[in-house]
Amino acid sequence: LQTVALTIAGSDPSGGAGVQADLKIFHQFGVYGEAVLTLLTVQNTRSVVRVQPLSADLVRQQIEAVIDDIPPRAAKTGALGSREIVETVAELAGSFSFPLVVDPVMISTHGKRLLPIDAIETLKERLLPHTHLVTPNIREAELLTGVTIASENNVREATKRLLAFGCRAAVIKGGHSVGEPIDYLLDDDGFVAFPGVRVNSRHTHGTGCVYSAAITACLAEGYKLRDSVGIAKDFVRRAIETAPGLGTGSGPLNHFVTVPRMAAPRLVFRD
Ligand code: PXL
């Protein structure tokens, strides 16, 4: 039976981030991808020149149209674009029967806002209670929790505060730290570090999207949360290492890296 995953995110016409990246990563994991658009961007690898959110009503209709007809096994959100869209997604997420991964995308690599300030509170209070896993980078975690992150203890405190908003689990990504890119996860089983290897490259456009899409694909396939995070982290490292060097700015990762056929046991929930 075909596994299905859904992304609710923005368009990056250059194909490195957003819905375009999510669909390619789902496909690479052997998962059929559905995509609901929240906003359009005008961008290339050099800059994001325009961000145009869609109406919340249009986002609601898209989600409602696909969700009963081709129900996904897991979903993710990326750039949401407006407070109204966050509210709408949160309201619908209340009745999702599958895990939701929230990548709280706030600002593009080039510094353009993909979520207005006034939507951050709504994301915390309305969307996180319906979230299985939230995947902020360090800056996003600071803005969501008010904790300034400079040490492992700060990260631990920030993950605790994220869970206090009602999500099941939180992973704070170390990609923007100064040292090794360690990701820290807090879930029902406690706090765990996922050590990483820093790959120095300017081609990191869409890294967060690829990571959360890979996690979502794994969850859809029935992998446990910690296995999903581990697989996704390894996938992202190899995708940065072998980035195709496209574009004259910060280019995309290699969306074609091979997905390991895992020995880890999957949860069986085939119909
Ligand atoms: O990687 C963050 C991101 C998410 N979604 C869209 C984007 C970007 C970064 O540019 O354009 C649509």
Side-chain angles (χ1 to χ4, degrees), residues 5-26 33-56 58-59 62 75-83 85-86 89 100-117 119-120 123 127 133-144 171-176 181 183 199 201-217 232-233 235-237 239-240 243-244 246-255:
L6 166 68
T7 176
I8 302 168
S11 163
D12 168 9
S14 75
V19 151
Q20 287 84 349
D22 292 342
L23 285 177
K24 286 186 266 181
I25 301 313
F26 289 168
E34 297 185 290
V36 164
L37 282 175
T38 56
L39 59 82
L40 304 185
T41 66
V42 175
Q43 67 175 299
N44 56 27
T45 62
R46 290 192 297 273
S47 63
V48 180
V49 296
R50 187 168 170 189
V51 179
Q52 179 64 57
L54 304 181
S55 74
L58 200 44
V59 174
Q62 293 178 78
K76 66 158 277 189
T77 62
L80 291 173
S82 75
R83 190 173 53 76
I85 294 175
V86 176
V89 173
L100 177 67
V101 175
V102 170
D103 182 8
V105 175
M106 293 184 190
I107 301 171
S108 79
T109 317
H110 299 106
K112 203 94 179 149
R113 282 223 148 263
L114 295 166
L115 188 77
I117 301 272
I120 295 177
L123 190 148
L127 188 56
L133 174 71
V134 65
T135 66
N137 61 32
I138 289 172
R139 186 70 195 125
E140 289 158 356
E142 288 180 334
L143 287 167
L144 287 168
V171 62
I172 298 182
K173 300 173 288 187
H176 293 185
D183 296 353
V199 184
S201 171
R202 80 186 147 91
H203 299 301
T204 55
H205 176 66
T207 301
C209 305
V210 170
Y211 183 68
S212 57
I215 294 172
T216 305
K233 188 164 175 66
F235 182 88
V236 165
R237 177 186 49 79
I240 299 173
L246 295 173
T248 48
S250 174
L253 316 193
N254 176 15
H255 296 164

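All ligand and atom numbering here is 1-based and tracks the order in the structure. In what follows, residues are counted from 1 in the order of the sequence shown.
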Proximal atoms of ligand 1 relative to His205 (non-hydrogen, under 4.0 Å): 10 (O)
Output the list of atoms in ligand 1 that are nearer than 4.0 Å to some heavy atom of Gly10, sorted by atom number. 12 (C)
Could you check whether any side-chain N or O of Gln52 sits under 3.5 Å from a backbone N or O of Leu40, counting only pairs where one atom can act as donor and the other as acceptor? no
Test your reading of the structure: does Thr41 have an N or O sitting under 3.5 Å from an N or O of ligand 1? no
How far is atom 11 (O) of ligand 1 from the closest protein heavy atom, and which atom is that? Gln43 NE2, 2.4 Å
Leu114: which of Thr41, Ile107, Leu80 passes side chain to side chain contact (heavy atoms under 4.5 Å, CB included): Thr41
Ligand-side contact atoms (ligand 1) for residue partner Cys209, heavy atom cut-off under 4.0 Å: 1 (O), 2 (C), 3 (C), 4 (C)
Between Gly111, Ser212, Gly81, Gly18, flag the one that comes closest to atom 5 (N) of ligand 1 by a heavy atom. Gly18
Determine, step by step, whether Leu115 and Val86 satisfy the side chain to side chain contact (heavy atoms under 4.5 Å, CB included) criterion, reporting the C-alpha distance in whole Å, the side-chain angles of both residues, the deciding distance to 0.1 Å, and the verdict. CA-CA 9 Å; Leu115 188 77; Val86 176; 3.7 Å; yes
Check whether any side-chain N or O of Thr7 sits under 3.5 Å from a backbone N or O of Ala35 as a donor-acceptor pair, and report yes or no. no
Part of Lys112 with heavy atoms under 4.0 Å of ligand 1, whether side chain, backbone, both or neither: neither
Nearest 0.5 angstrom please: Leu58 CG to Leu37 CG, how far? 9.0 Å
Please work out whether any backbone atom (N, CA, C, O) or any side-chain heavy atom from C-beta onward of Ser11 is under 4.0 Å from ligand 1, and answer side chain, backbone, both or neither. backbone
Tell me which part of Leu114 gets within contact of ligand 1: side chain, backbone, both or neither, using heavy atoms under 4.0 Å. side chain
Donor-acceptor contact below 3.5 Å, side chain Thr135 vs main chain Val171: no
